[in-house]
Amino acid sequence: MSHATPFPVSPALHAPHGSVAARATDLSKVYGQGETRVAALDSVSVEFRRAEFTAIMGPSGSGKSTLMHCMAGLDSVSSGSTRIGDVELASLGDRQLTRLRRDKVGFIFQAFNLLPTLTALENITLPMDIAGRKADRAWLDQIVTTLGLSGRLAHRPSQLSGGQQQRVAVARALASRPEIIFADEPTGNLDSRSGAELLGFLHGSVRALEQTVVMVTHDPVAASYADRVIFLADGRIVDELREPTADAVLDRMKRFDAKGRTS
Amino acid sequence: MFRTALRNLLAHKARLMMTALAVLLGTAFVSGTLVFSDSVGSAYRDKTAKNLDDVAVSVTGFGRPGTGPGGDRRVLDDRMVATVRALPGVTSVRPSVGGVATVADKNNDPAGSEWGSSAANYVPGKGGKDSRYPLLKGRGPTAAGEIALDVKTAGKTGAKVGDTVRLAVDGPVMTKKLVGIVETDDPRVSAGGSLALFDTPTAQKLFGKPGEFSELVVSATPGTDQEALTRKVRDVLPKDGFQAQSGKKLAAEQSKLIDEQTSSIRNTFLVFAGISLFVGIFIIANTFTMLIAQRSREIALLRAVGASRRQVVRSVMIEAGLLGLVASAVGFVLGLGIATGLWSVLNSSGASLPEGPLVVEPNAALSALAVGVLVTVLAAWLPSRKAAKIAPVEALSAVDQAPTTRSLVVRNSIGAVLTALGVAVMLYVTTLRDSGGLTAAMTGSALTLAGVIVLAPLLSRPFVNLFGRLAVRVSGVSGKLATQNALRNPRRTAATASALMIGLTLITGLTVAAVSANQGVDKMGAQDLTADYKVTSNSYLGLSPDVAKKLAEQPGVAASVPVRMVGFQSKDVPAGLRATDLSKISKVTDLKITGGSLTEVRGTTTVAVAAGYAKKNGLAVGSALPMEFYDGKKAAPRVVAVYADNDVLAEVLAAPALVDPHLDKVRDDEVLIKAAPGKASSLPAKIKETLGGNPIIKVQSQDDLRRSEAGSIDDILYLMYGLLGMAVVIAVIGVVNTLAMSVFERTREIGMLRAIGLARTGIKQMVRLESVMISMFGAVLGVGVGIFLAWSGGHLLRSSFPQYEMVVPWARIGLFLLLALVVGVLAAVWPARRAAKLNMLESIGAQ
């Protein structure tokens, strides 16, 4: 499956291809104690390369969201190491972690990405407002134009469709040129058309803007937009697929399901 | 639906806590007031009843010696005692002599309160003891040089049996030997007064004439019909000039009096409790509005599975009712604490309430509960209507619906009309010249306040925007988010701010009025009086003329001017006359003669009149002033001088010779002292010393005079502050409540903000700034409306209080605003901490 790249190619903004944007080493996340002890993540080691679009897949409870939360500095880890760029997250306090998220990480959630009180533009520049920085006007224009939001910037979220809202969220994630963007089921609440559009934009941002995107999803079609799919089950990485197609992803999924059932 | 209501109540315990607290405090105020007034009433009644225990009939003579027409003296004497004593059923007749005696405490100040310094005769019965005053120590007084005191007063003098006690009746200081210490149930004494007992001849000499009594207290054999006995007593007494009343009737009368007094206290307090509850309504309504908005999907589901609109409404009402019931039950218990606290607070500020147990009438408990439940249900009624409007289909919509902001057009129109009406009425009030416009002023104030409350959502926008600009400058994005949050739901912001506004309107209005009145009093006190000191008596009997003479002889005294205040009627209109030493009067007051000559005022045939009085009554130099004194005698002196209106001198100025014949006893009401140059500061001590450290002598400087007036206004103002404090506390709880509920409502937003990089401090700052905006909005509205109402309402005072001029105490107003700021910050502490502590991941996923 090939996807159109709506973004114009811009000069490289980050370190060259192949360097690691985020990395987890022997990452474990344990909830509860004793009898109720549940390992959501069990010694996971994974790397996300720059300018690569990675999809994390797995059945419910496989730990895919936990992995993303831990790597994004939203959740603490039980053991192991998580890094964004060269920064070890475990060494950071809440204040530094917050700053890291603000400056180095972009987020797109399944729903409720936007503050209802702010206009689309204000939502997009919010991370920079928080940092007290001025937005790069030219960059912003580029993103907004590409995402087709030019006419909507003064609207409030309630005046936008679900697809438009998520596109605003993408614009926000891109606006501060983060090291890495984490997207948690970004198409979960969208119809298939809006979903495809959004995934196209994400894909394009990786291709043309050399962004690094990590997306959690359970939708094989969504995963097929990625360069690489990582499969999680019971807190472990069980497989990986490069240049996936929806059919290939579905195929693998079925295999795990079958394995999960027979084992 | 009852179960749903109960479950909802339990599920939202934490969220309803602040609302419950608001109801709780309101009902605590109500029940505290009710229990307090019941208890004080019962304590007073107890005291009186005990006091009247052995009184079957009381006989008093109202013709006071020497005041009857033609010297017709109706007095109670030994002959009458014997007559009454001879009646069947009478076991004893206690002839008593009552009066006023001021006992000196350790500092030569009065040991008892001004109006409670009572004196009586000790009447030894069988065994030489007076059963009315049981002896604790020593014996009863039997000679002129002896005295017995009640135990409290004895303690204040520090004297023991055998020591000497200093006291004064209306003249110089007397010293008596303390021979006994007694107990008494006299309510005046337990209310802070003092009691001095003398043997009968001494008491008669001091307070009346030898052989005369002021009251006969008749005791009867148990079972005697008091009314029948009273009739018999009346039969044996001369027809006129005496009054006989049964003990029961006296008790009933006193009880009625007590009821009137306690009910006036109670009603005043209930007004303030009502204000607190009214403020609480805003919080309750806000809470239920928010709860229903948060629960709209649940409610839609209920509707989808078949609940009717009515059932939904009922469920909300039941929830409110249960909340009100629980809160007011706890509030009632707290009210008992308030009642006890009030007692000691009032006593420590000099109210001298009798001691007694707390009396909890079932009525007080029931009213507190009823009020609490009613207010809560009433406040939840409008929000419950909104709940009914939720369509079943809303349960099915997956997408979060943006809260539809209902138009404020209707509300704004109503608000504008109310405010305009209120302002119009108040402007009309400013044209009124007398206090008859009180009803209009009250109506206008209520309308204005209501109008501004209704308009508050509209007004909140420009205010929050303006304040928001400042907030953005101070704290960037947190300020911006706070501004947006405050603007998001104008009704909620307005309702929260209105609660605070009500308290601040009243506080500001009262403060402006009180400060203005104080200023007026200040002017009044300073006006006309040029004397350095005013010497008066603590007892209302006045000063002996010796006092002025003695003080005149003192070195350092430039002038000692006695003033006798005498009332008279001219053509049935009462007026005031001052009789004084006319040769010296201009040394102690700023006297301006506008016509005639003051030196011609002398003897009994001439007077001077104030210009205003002269004009009103068509008097001029040369005309005659017809006067009727209160002893019934008439005079028509000639006006020989007219002086500019003068506060010290009242309407008419005359020589003592004109009024002395009409007085019971010749007494000066005040002596005005002008000090010799440079001697002013040392005079008060000297004056006291000269007069023998007399406890009845009060020496006040000009500052003291001003302060005593101003002081009483300030006391009332501080009491009002205290009473309005509860309303403010409830309003602050309302701010906490709104913020906490908003934080809950915006959980996901806060989680998202944290995820994209807003630090905890930023979240806290956001909540704090919203809180400050709401508080400041309420405060600014309150201060504005308060000043307007004080300005317009103040015009009513101008006729009776010409010195009144509005003064806005900007410093104090500034302090109020500063306090509102602090309150805003404090109210945000808990919600802000909660917001900052929210778990990011759970928040983002929260529904």
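Note on naming: letters A, B, ... go to the chains in the order of the sequence lines (proteins, then strands), and numbering restarts at 1 for each one. Keep in mind it's a predicted model, so treat the numbers as computed, not measured.
For the pair B:R488 and B:E770, the salt-bridge criterion is not met [side-chain N within less than 4.0 Å of a carboxylate O].
If you measure heavy-atom distances from B:S478 to chain A, you find no contacts under 4.5 Å at all. With a 4.5 Å cut-off on non-hydrogen atoms, B:L481 touches chain A through its side chain but not through its backbone. With a 4.5 Å cut-off on non-hydrogen atoms, B:R754 touches chain A through its backbone and its side chain both.
Near-neighbour residues of residues 87-105 of chain A relative to chain B, defined by a heavy atom under 4.5 Å from a heavy atom of that chain, comprise A:D94, A:R95, A:T98, A:R101, A:R102.
Within the 3.5 Å criterion, the main-chain N or O of A:M128 finds no donor-acceptor partner in the side chain of A:T125. Proximity of a side-chain donor or acceptor of B:T493 to a complementary backbone N or O of B:A486 within less than 3.5 Å is detected. Using a distance-only test at 3.5 Å, with no hydrogens or angles considered, a donor-acceptor pair links the side chain of A:Q166 to the main chain of A:F109. A donor-acceptor pair is defined here as one N or O able to donate and one able to accept, closer than 3.5 Å; such a pair exists between the side chain of A:K29 and the backbone of A:S76.
Heavy-atom neighbours of A:D234 CG from other residues, nucleotides or ligands within 6.0 Å: at or below the threshold of 12. Atom CZ of A:R236 is surrounded by 12 or fewer heavy atoms from other residues, nucleotides or ligands within 6.0 Å.
Sorted by first then second residue, the ring-ring contact (aromatic ring centres under 6.0 Å, His included) pairs that include residues 459-486 of chain B, not counting sequence neighbours, are B:F463-B:F467, B:F463-B:F777.
When the candidates B:G757, B:A759, B:G762 are compared by the number of heavy-atom contacts under 4.5 Å with chain A, B:G757 comes out ahead.
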